[in-house]
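Quick notes on the structure that follows.
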Number of protein chains: 2
Amino acid sequence: MHTQRDSLAAATIGMERMELDQDAAQRRRCTGIAGRHATTAAELAHARLKTLILDNGLPPGSQCLESELALRLGLSRTPIREALVRLQQDGLVAITPRHGMRVLPLIAADMREIYEVLTSLEPMAAELLARRPDPSAGLEPLEAACSAMERAIAAREQLAWARADEAFHLGLAELCGNRRLAGMVMQVWEQSHRARIFTLQQRPLPTRSTTEHRHVLRAIAAGDAERARELYRRHRRRSGGELVSIIERSGVAWL
Amino acid sequence: MHTQRDSLAAATIGMERMELDQDAAQRRRCTGIAGRHATTAAELAHARLKTLILDNGLPPGSQCLESELALRLGLSRTPIREALVRLQQDGLVAITPRHGMRVLPLIAADMREIYEVLTSLEPMAAELLARRPDPSAGLEPLEAACSAMERAIAAREQLAWARADEAFHLGLAELCGNRRLAGMVMQVWEQSHRARIFTLQQRPLPTRSTTEHRHVLRAIAAGDAERARELYRRHRRRSGGELVSIIERSGVAWL
DNA sequence: ATCCTCAACAATGCATACGCAAAGGGATTC
DNA sequence: GAATCCCTTTGCGTATGCATTGTTGAGGAT
C-alpha cells in the first residue's frame, strides 16, 4: 500500500524519491518545532504524519480517513484527531468532514505566497542578526552551511546543496532571536518542502544563490544591517521568482 | 479562586475591562479566522476561550484545568482539548501537563518580537496591494478606516481610534491577497491585543500614526510600491518602538 | 434517459470510561 | 524541627461507544 502510493505519486510528478535522504527526515524530526522526542502518542502521530507528508509518503491530494490513519499507525482515533488538528494548523492538510484529511497540494499561487512571506521575514532575521552587539558572534552554523553549499556546487551535488541551503535558512531564522519569526519561517518552509525538492531537479546548479548567501553572511558579520536586509530581500525576490516560474514552466499543476 | 485571580490581575495592571466594547468581541468572532459560525462544539470552545482570553476574562497567568473549562462551557473534555491545542498553536496559551492550560502573559520581549514580525509582514502587504494592476481599486475599507481614525482623533476617542486602527491593519492584511501573510498578521495581532488596549490608555493620542496611515494609503493608491513599503516599515518601526518603551516604562512586568 | 427522493450506511464529533503517572500531603525518622 | 519517603488523590492521555449527520446508491417518476 505504501509502495503503491509512493510509485503512483512518483510517476505523477516524475521523480523517485522526494526526500533528500533518510537523515533529513531524522533531522527534521529532532530539530523541528513538532518533534521534541514525541513523548505522547498524539505528538508521535503528528511527527510521523508530518514526515510522511513531507517525504511524499502521503502524496498531495491523497485522502485518508481517521480510522485508516489510526490503523496505519497502530493508534486509536483520539491521538490521530489531535495530530490532524495540528497538521491543519501547520497548513499541510485540510480536514473535510466525512472525507477525512486531504494532503494539501501546492500550486504556483501557494509558492508565490510562501516566497512573499519569506521575502518579508528572512531579511528581517538578517537585519536582527546584524544589529546584535557582536554581529559576527555565533555565526558558525551559517558559515558552515555556506561552505557546505560551495562544496556541493563544486561537486555538483544537488542534494547536498539543498541540505546546506535548508541549514542556512532555518539556522538564520533560529539564530535571529525572534521565536515567532523563526516559527513562521519554519512553517512555510515545511509547506514548500516538496516543491523545493522538485525544482531542485529541474534547474541548473544554484551557483548564484550560493554566492548571494555568502554576501548576506558577510554583511551580517560586518554589522551592516541595512545591507544585509536588502541583499537578502533581493536574493529572496530573485530566487522565489525563479522557483515559481520553474514550477509554472514545468507544467505540473500541483506538487 | 477564579475571581481572586481576576481581581488580582486587574489590580496589577490597573484596569477593569480591557475590551473596547462588546461589539469588538462580537466582530472578531465573526471576521476572525477561528470563529466561522462555530458549527462544532470544538470550534465553539475555541472561539469562546479565545474571546475570553483576549477580553481578559481569563487574565494572563491564570491556570485552568481541562475539566474546569469543560464545566464552565458546558461541554465534555474532548472538544475542550481540541480547542486548547488550537489555542496553543495560536500562541495564546501554554499547556503544562498536570497543571492545565496557562494563559500566556506578554512581556516586553514578546511585544518586540511581535512588532518585528509586523514590521516585516505588513510593509510587504502594502507593497503587494500597490503592485496590483489597479492599485486604487478596492481600498474603500482602508479609506473608511483612515477617516474613522481621523474622526476619532478629532473627537479624542481612543477606543474608536483603536477600532479603526485594527480595521486598517487587518483590512490591509486581508486585502493583499496573500492568505498566509494575512493569517500570520492576524495571529500576532491577536497575541498583542491585550497590550495594545493597555498602552492605549498610557499614551497621548496617536496623531502621528493616523497621518502615517493616510500617507501609506496614498502611496498604495498611487501604485508606488517601494514608497508604500518603506513608509509602512518606518511607521511600524516607530510605533512598535514607542509601544515597547511605553510598556517598559509603565513598569508592568507582563500583560 | 435523467433527475429526484428516500433509505441505508458510514464517518465523524462528542461523551465517557479507564489506567497511569505525577504532584502534593502526611507521617515518620533523624 | 526538618527532611524524606510513601500513599493518596487527581489530572491527563487514550480508547471506545453512541448518536448525529452527510453521502451515496438505488429505485421510481417524469
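Bear in mind that the values here come from a model prediction, so they are computed numbers and not experimental data. Every chain is numbered from 1 and lettered A, B, ... according to where its sequence line falls, protein lines coming before strand lines.
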Can you tell me how far [atom2] of [N] sits from [atom1] of [X], to the nearest Å?
X        : N      : atom1 : atom2 : value
A:Glu66  : D:dT14 : CD    : P     : 15 Å
B:Leu71  : D:dC12 : CG    : P     : 14 Å
B:Ile80  : D:dC12 : CD1   : C1'   : 14 Å
A:Gln63  : C:dA11 : CD    : C1'   : 13 Å
A:Ile95  : C:dT12 : CD1   : C1'   : 11 Å
B:Arg81  : D:dG11 : CZ    : P     : 14 Å
B:Met101 : D:dC12 : CE    : P     : 11 Å
B:Arg102 : D:dG11 : CZ    : P     : 18 Å

Checklist entry - What pairs with B:Asp165 under salt bridge (Lys or Arg N to Asp or Glu O under 4.0 Å), at least two apart in sequence or on another chain? => result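 Partners of B:Asp165 by the salt bridge (Lys or Arg N to Asp or Glu O under 4.0 Å) criterion come out as none, since no residue qualifies.
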
Next on the checklist: Suppose we screen for salt bridge (Lys or Arg N to Asp or Glu O under 4.0 Å). Which residues come up paired with A:Glu66, at least two apart in sequence or across chains?
Outcome noted: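 In terms of salt bridge (Lys or Arg N to Asp or Glu O under 4.0 Å), with neighbours along the sequence ignored, A:Glu66 is linked to A:Arg77, A:Arg81.
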
Protein-nucleotides 15-18 of chain C N/O pairs under 3.5 Å:
from	atom 1	to	atom 2	distance (Å)
C:dA15	OP2	B:Ser76	N	2.9
C:dA15	OP2	B:Ser76	OG	2.5
C:dA15	O5'	B:Ser76	OG	3.4
C:dA15	N7	B:Thr78	OG1	2.7
C:dT16	O4	B:Thr78	OG1	3.2

Next on the checklist: Checking B:Leu87 now: which residues fulfil side-chain contact (heavy atoms from CB on, under 4.5 Å) with it, not counting sequence neighbours?
Outcome noted: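 B:His46, B:Leu49, B:Lys50, B:Ile53, B:Leu84, B:Asp90, B:Leu92, B:Val93.
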
Checklist entry - Taking only residues two or more places apart in sequence, or in another chain, which ones meet B:Glu113 in a side-chain contact (heavy atoms from CB on, under 4.5 Å)? => result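 B:Glu113 satisfies side-chain contact (heavy atoms from CB on, under 4.5 Å) with A:Asn178, A:Arg179, A:Arg180 once adjacent residues are dropped.
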
Distance from [X] atom [atom1] to [Y] atom [atom2], nearest 0.5 Å?
X        : Y        : atom1 : atom2 : result
A:Arg196 : A:Leu255 : CZ    : CG    : 11.5 Å
A:Met186 : A:Leu181 : CE    : CG    : 11.5 Å
B:Leu58  : B:Arg72  : CG    : CZ    : 5.0 Å
B:Glu122 : B:Phe168 : CD    : CZ    : 8.5 Å

Item to check | Test log, rule salt bridge (Lys or Arg N to Asp or Glu O under 4.0 Å), inputs B:Glu116 and B:Arg112 | outcome: CA-CA 6 Å; B:Glu116 284 166 3; B:Arg112 189 172 296 121; 5.3 Å; no

Checklist entry - Which is true for A:Glu82 with a 4.0 Å heavy-atom rule: it touches a base, it touches only sugar-phosphate, or it touches nothing? => result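 Answer is nothing: A:Glu82 stays at 4.0 Å or more from every strand.
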
Interface polar pairs with nucleotides 23-26 of chain D, N/O, under 3.5 angstrom:
none

Item to check | B:Thr40 side chain near C:dC14 phosphate (N/O to OP1/OP2, under 4.0 Å) | outcome: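 Yes, such a contact exists.
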
